[in-house]
Amino acid sequence: MSHIRVRFAPSPTGYLHIGGVRTALFNWLFARHTGGTFVLRIEDTDRDRSTEEAIQIIMEGMRWTGLDWDEGPFRQTDRLDLYWERAMDLFERGLAYWCVCTPEELEARRKAQQAKGESLKYDGRCRDRGITKPDQAAALRFKAPQEGQTVINDLIKGRIVFENSVLDDLIILRSNGYATYNFSVVVDDGLMNISHVIRGDDHVNNTPRQVPLFQALGFPVPEFAHLPMILGSDKTRLSKRHGATSVLAYRDMGYLPEALINYLVRLGWSHGDQEIFSMQEMIDLFDLKQVQASAAVFNPEKLLWLNAQYIRTSEPKRVAEALVPFLQQAGYDEAAIARIPEGAEALVPPLRERSQTLLDMVEGAVPYLAEPMTMDETAAGKHLTAAIAPVLKEFADSVEAAPDFAKETLEHLLHGLIERQGLKMGKVAQPLRVALTGRTISPGIFEVMALLGKERTLQRIRAGVERAMNAQGAAG
RNA sequence: GUCCCCAUCGUCUAGCCUGGCCUAGGACGCCGGCCUUUCAAGCCGGCAACACGGGUUCAAAUCCCGUUGGGGACGCCA
């Protein structure tokens with residue numbers, strides 16, 4: 001087979017959504033797996049709805065997810081002449097004709113057809129008018145074959161047969177001179193030598209209309225692979241009302257791109273029982289044959305779980321790098337981060353076991369970044385009691401006198417203290433935790449101390465002791 | 001309405017092409033337990049599905065037909 005070339009062709013009318021990323025991902029994986037070329041093409045022929053901002057957002061999303069393209073972005077609005085030329089060629093060869101029906105007339109006829117229960121189709125009234133030079137606004141229509149069948153051998157769905165009698169004479173050039181989607185797609189796929197068209201299965205019905213166009217234009221017909229749709233929890237097409245559908249929204253909610261990609265690749269594709277795939281594994285293992293033909297429901301819980309998996313198994317350095325922008329966003333500057341003896345990377349191991357998103361990690365990091373610390377009053381009232389004050393004080397004194405601040409040293413000191421006092425670990429750890437973090441929930445107590453550093457550890461325990469003694473005063 | 005697609009636990013799926021290894025496996029979620037300095041994580045266990053009806057066959061989740069259900073498309077949007 002000749003060189004494999006695929007493309008992702010979004011229209012820049014809004015944000016890059018989850019479904020689009022999945023389509024881009026499968027194209028990308030297919031290209032990377034086969035050593036082919038991945039082309040990015042912007043389908044912006046609808047000039048009323050396309051925006052420059054949307055183009056930037058699409059590229060930002062692609063970059064964030066790591067789906068890099070080899071060629072493009074090509075913009076269809078830069079290629080208008082190409083479509084015009086091909087359309088005129090079709091006209092001159094009698095394969096296309098001018099249609100002077102107005103959009104309003106067309107709309108009215110569609111309504112009438114609907115009322116009568118007929119199929120919605122252009123009635124062909126301009127087909128044989130033989131208009132050569134329209135003196136009014138006119139659109140150019142392609143003379144679709146009306147007899148026989150068009151057969152698609154879809155790489156995912158198998159053989160699909162369409163009766164040509166259902167085919168419409170579709171408009172290829174609007175009366176404003178711009179090519180329509182169905183035409184520009186074919187011209188571009190042909191001109192760009194696209195070998196495989198991998199797209200959402202909402203395009204299945206467009207395929208039998210495009211195939212005759214490829215043939216009329218003298219292009220080889222590419223292979224088609226129609227990906228199943230992604231549905232919301234109510235089994236209708238995934239949309240905003242099902243929650244976040246923009247990729248960048250997931251970035252902003254603290255998801256790692258590798259987790260999102262991993263989730264998306266499993267929506268419709270599988271490799272045995274494997275759930276977690278590195279990008280390289282996906283590339284090595286990807287095969288269109290393993291793509292599901294049926295639609296899949298988007299499951300936010302599983303995505304969350306995967307994100308948590310990635311957060312706790314990725315290199316701490318990688319997680320820290322993704323985390324820092326979130327810390328800054330939350331108002332913790334370099335100085336705040338510098339309060340942690342080992343820096344931001346040190347936050348990762350202690351915090352990630354209880355975080356599903358980077359945002360969770362930011363929340364968990366607050367006690368180590370913020371000065372002064374915020375004390376949860378309820379927690380203080382319950383744990384910082386008069387009875388525990390002397391124990392905490394003794395611990396602080398021993399830590400202060402210790403030769404170093406190593407975890408082993410601290411553990412040794414605390415265990416010794418507990419033994420001498422005949423206490424249980426929980427009786428001392430909780431008050432200590434509250435004194436150190438202002439909360440009842442935190443990483444292991446020694447990890448907390450490491451994040452705080454010796455100075456702040458001592459200062460906070462002493463403040464806690466103070467408070468516990470005041471509790472005694474209030475009680476007595 | 002017309003055309004097209006789809007159909008295994010609540011969800012993602014393995015198995016289906018090349019029937020027997022399936023008393024249908026894994027994962028998320030849920031429930032219970034273990035571990036334990038909190039919360040998590042981890043580990044162990046549990047609940048839970050071949051839509052229905054006909055065929056074909058010694059044998060069907062797997063092949064065929066129908067029914068039902070769901071989705072998508074029918075624009076001078078893409």
Side-chain angles (χ1 to χ4, degrees), chain A residues 9-13 43-46 48-50 99 101-103 106-107 110 113-121 137-141 152 154 156-158 160-163 165-168 170-182 184-185 200-208 226 228-229 231 233 235-237 263 266-276 289-290 292-306 308 312 351-356 364 379 383 414 418 424-434 437 439-446:
Chain A
S11 61
T13 54
E43 314 236 316
D44 56 353
T45 56
D46 180 351
D48 293 335
R49 297 201 301 157
S50 300
C99 171
C101 299
T102 66
L106 261 12
E107 179 59 25
R110 259 195 300 277
Q113 286 174 331
Q114 196 149 33
K116 279 190 273 184
E118 293 170 357
S119 59
L120 278 28
K121 182 179 168 181
L140 194 67
R141 284 186 189 267
I152 317 294
D154 192 276
I156 293 171
K157 307 214 181 240
I160 307 175
V161 179
F162 295 87
E163 291 299 328
S165 57
V166 307
L167 267 30
D168 227 334
L170 48 88
I171 290 176
I172 58 178
L173 238 42
R174 300 183 177 96
S175 53
N176 66 7
Y178 282 72
T180 57
Y181 162 77
N182 274 305
S184 54
V185 154
D201 77 12
D202 47 339
H203 285 287
V204 167
N205 288 290
N206 283 145
T207 311
H226 287 97
M229 298 272 84
L231 275 23
S233 51
K235 306 228 178 192
T236 62
R237 210 181 155 139
Y263 177 70
R266 288 283 292 106
L267 230 42
W269 176 80
S270 61
H271 182 259
D273 288 337
Q274 190 170 342
E275 295 287 351
I276 298 186
K289 284 198 195 74
Q290 298 302 319
Q292 195 92 356
S294 53
V297 173
F298 185 80
N299 182 348
E301 266 96 39
K302 189 154 184 178
L303 205 208
L304 235 203
W305 172 78
L306 258 176
R312 57 179 172 259
L351 294 177
R352 64 173 168 187
E353 295 303 319
R354 54 224 104 211
S355 300
Q356 293 187 294
H383 296 283
L414 189 62
I418 286 167
K424 280 193 163 183
M425 185 60 159
K427 289 285 178 206
V428 182
Q430 254 337 56
L432 212 40
R433 170 169 288 112
V434 172
T437 67
R439 306 171 168 193
T440 54
I441 295 173
S442 83
I445 205 69
F446 302 109

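As the structure is a prediction and not an experimental result, all values here were calculated from the model. In what follows, chains are A, B, ... by sequence order, proteins preceding strands, each numbered from 1.
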Quiz item: Does A/Phe446 or A/Asn205 map to a spot on RNA chain B nearer the 5' end, using the closest nucleotide for each?
Solution: A/Phe446
Using atom [atom1] in both nucleotides, what's the gap between [N] and [M] to the nearest angstrom?
{"N": "B/rC21", "M": "B/rG15", "atom1": "P", "value": "16 Å"}
{"N": "B/rC12", "M": "B/rA41", "atom1": "P", "value": "24 Å"}
{"N": "B/rC30", "M": "B/rG69", "atom1": "C1'", "value": "27 Å"}
{"N": "B/rC3", "M": "B/rG25", "atom1": "P", "value": "41 Å"}

Exercise. Could you let me know what B/rC43 is paired to, Watson-Crick or G-U wobble, both distances under 3.5 Å, or none if it's on its own?
Key: B/rG33
Quiz item: What is the pairing partner of B/rC16, taking Watson-Crick or G-U wobble pairs with both distances under 3.5 Å in any strand?
Solution: none
Separation of [N] [atom2] from [X] [atom1] (nearest whole Å):
{"X": "A/Ile172", "N": "B/rA78", "atom1": "CD1", "atom2": "P", "value": "14 Å"}
{"X": "A/Asn182", "N": "B/rC74", "atom1": "CG", "atom2": "C1'", "value": "12 Å"}
{"X": "A/Gln430", "N": "B/rU36", "atom1": "CD", "atom2": "P", "value": "16 Å"}
{"X": "A/Lys121", "N": "B/rG1", "atom1": "NZ", "atom2": "C1'", "value": "15 Å"}
{"X": "A/Trp305", "N": "B/rA27", "atom1": "CH2", "atom2": "P", "value": "9 Å"}

Contact class for [X] vs. all strands (heavy atom < 4.0 Å): base, sugar-phosphate, or nothing?
{"X": "A/Gly444", "answer": "base"}
{"X": "A/His203", "answer": "base"}
{"X": "A/Arg439", "answer": "nothing"}
{"X": "A/Ile160", "answer": "sugar-phosphate"}
{"X": "A/Thr45", "answer": "sugar-phosphate"}
{"X": "A/Thr236", "answer": "sugar-phosphate"}
{"X": "A/Asp48", "answer": "nothing"}
{"X": "A/Pro443", "answer": "base"}
{"X": "A/Cys99", "answer": "nothing"}

Quiz item: Between the base of B/rC76 and the side chain of A/Ser175, is there any donor-acceptor pair under 3.5 Å?
Solution: yes
Exercise. Tell me whether the OP1 or OP2 atom of B/rG72 has a side-chain N or O from A/Arg237 closer than 4.0 Å.
Key: no
Quiz item: A/Arg352 side chain N/O closer than 4.0 Å to the phosphate oxygens (OP1, OP2) of B/rA40?
Solution: no
Between the protein and nucleotides 8-13 of chain B, which nitrogen or oxygen pairs come in under 3.5 angstrom?
{"residue": "B/rU11", "atom": "OP1", "partner": "A/Lys235", "partner atom": "NZ", "Å": "3.1"}
{"residue": "B/rC12", "atom": "OP1", "partner": "A/Val297", "partner atom": "N", "Å": "2.8"}
{"residue": "B/rC12", "atom": "O2'", "partner": "A/Arg266", "partner atom": "O", "Å": "3.0"}
{"residue": "B/rC12", "atom": "O2", "partner": "A/Lys302", "partner atom": "NZ", "Å": "3.4"}
{"residue": "B/rU13", "atom": "OP1", "partner": "A/Gly268", "partner atom": "N", "Å": "2.3"}
{"residue": "B/rU13", "atom": "O3'", "partner": "A/Ser270", "partner atom": "OG", "Å": "3.2"}

Self-check item: Euclidean distance, A/Ser294 OG relative to A/Lys157 NZ, rounded to 0.5 Å
Solution: 7.5 Å
